[in-house]
Amino acid sequence: MISEKLMEPQPFNAEDHIFDIAFHPKNNVIACGLITGDTKLIQYSLDKTEEIAHLVHHQKSVRCCQFSPSGNFLATGSEDRSIGIIDGEGNEALKLKRAHENPIYSLYFLDDTLLASGDDEG
């Protein structure tokens, strides 16, 4: 029997509750949507785990986050009914302040130019 060693990145401990996570499709980066309304981008490797961006662009909890298929964009949806689109450098590219009448619950990129969203009412 061949013994394989489990390899895992260093842990990341958030100060606040993580509501949702998304894995970058090409890089070792995780987006974390926090209950505070913040979004953190975490870069991980076997040697270290570090925060590479801290975004404060929602007034209420970030309920969902989703990278585009290319990884060039990150969308975040919030209880405050807004959607944020962040570019590859971690800068907010677009914010739809009242994207829905109800808190946003889910996001899904169909491709790099088309984003579907859902709220608490369906």
Side-chain angles (χ1 to χ4, degrees):
M1 181 173 179
I2 298 175
S3 174
E4 292 185 33
K5 183 180 177 185
L6 178 64
M7 300 178 79
E8 59 186 57
Q10 297 297 311
F12 168 74
N13 296 313
E15 302 85 34
D16 298 300
H17 296 289
I18 297 174
F19 211 111
D20 192 24
I21 64 169
F23 287 87
H24 192 281
K26 296 179 181 175
N27 300 327
N28 290 341
V29 174
I30 299 173
C32 301
L34 303 176
I35 200 163
T36 59
D38 298 356
T39 303
K40 292 188 177 190
L41 297 179
I42 309 301
Q43 187 170 41
Y44 62 93
S45 69
L46 294 176
D47 299 324
K48 65 179 179 176
T49 301
E50 65 180 331
E51 182 179 310
I52 57 172
H54 184 159
L55 307 161
V56 182
H57 60 277
H58 290 292
Q59 295 175 357
K60 294 186 178 181
S61 63
V62 175
R63 293 171 139 201
C64 49
C65 48
Q66 175 79 41
F67 281 103
S68 66
S70 69
N72 291 334
F73 300 101
L74 171 69
T76 58
S78 174
E79 185 181 1
D80 68 12
R81 303 176 290 188
S82 69
I83 294 175
I85 306 291
I86 293 93
D87 68 15
E89 275 76 56
N91 301 307
E92 185 175 67
L94 173 67
K95 183 172 183 183
L96 303 174
K97 291 185 179 181
R98 298 222 33 198
H100 284 255
E101 291 297 317
N102 297 290
I104 296 171
Y105 190 77
S106 63
L107 296 170
Y108 185 78
F109 271 103
L110 299 165
D111 59 33
D112 267 14
T113 61
L114 187 60
L115 177 69
S117 61
D119 62 30
D120 283 354
E121 294 297 314

- Query: Within a reach of under 6.0 Å around CD of Gln59, are more than 12 heavy atoms found that belong to other residues, nucleotides or ligands?
  - Reply: no
- Query: Around Tyr105, counting heavy atoms of other residues, nucleotides and ligands shown, do more than 12 lie under 6.0 Å from its OH?
  - Reply: no
Identify the heavy atoms of [X] and [Y] that sit nearest to each other, and give their distance.
| X | Y | answer |
| --- | --- | --- |
| Lys60 | Glu79 | CB-CB, 3.8 Å |
| Cys65 | Ala31 | SG-O, 3.8 Å |
| Asn102 | Glu121 | ND2-CG, 2.9 Å |
| Ser70 | Pro25 | C-CG, 4.0 Å |
| Cys32 | Ile21 | SG-CG2, 4.2 Å |

- Query: Do Leu114 and Ile83 share a hydrophobic cluster (ILVMFWY, side-chain heavy atoms under 4.5 Å, transitive)?
  - Reply: no
- Is there a path from Leu107 to Phe109 through hydrophobic residues (I, L, V, M, F, W, Y) whose side chains come within less than 4.5 Å of each other? yes
- Given Glu50 and Ile52, is the side chain to side chain contact (heavy atoms under 4.5 Å, CB included) satisfied, shown in steps? CA-CA 6 Å; Glu50 65 180 331; Ile52 57 172; 4.1 Å; yes
- Does the Gln10 side chain pair with the main chain of Leu46, one donor and one acceptor, at a distance under 3.5 Å? yes
- Query: Strictly by modelled atom types, are Asp47 and Ser45 linked by a side-chain donor-acceptor pair under 3.5 Å?
  - Reply: no
- Name the one of Ile42, Val29, Ile30 that satisfies side-chain contact (heavy atoms from CB on, under 4.5 Å) with His24? Val29
For a 4.5 angstrom cut-off between non-hydrogen side-chain atoms, does [X] reach [Y]?
| X | Y | answer |
| --- | --- | --- |
| Thr39 | Ile86 | no |
| Val62 | Phe19 | no |
| Thr76 | Leu55 | no |
| Asp38 | His54 | yes |
| Ile18 | Leu34 | yes |
| Ile104 | Ser78 | no |

- Note on the structure: Exactly one of Asp111, Thr113, Asp112 clears side-chain hydrogen bond (donor to acceptor under 3.5 Å, both in side chains) with Ser68, and that residue is Asp112
- Task: Could you please spell out the steps behind the side chain to side chain contact (heavy atoms under 4.5 Å, CB included) verdict for Arg63 and His58?
- Result: CA-CA 10 Å; Arg63 293 171 139 201; His58 290 292; over 6 Å; no
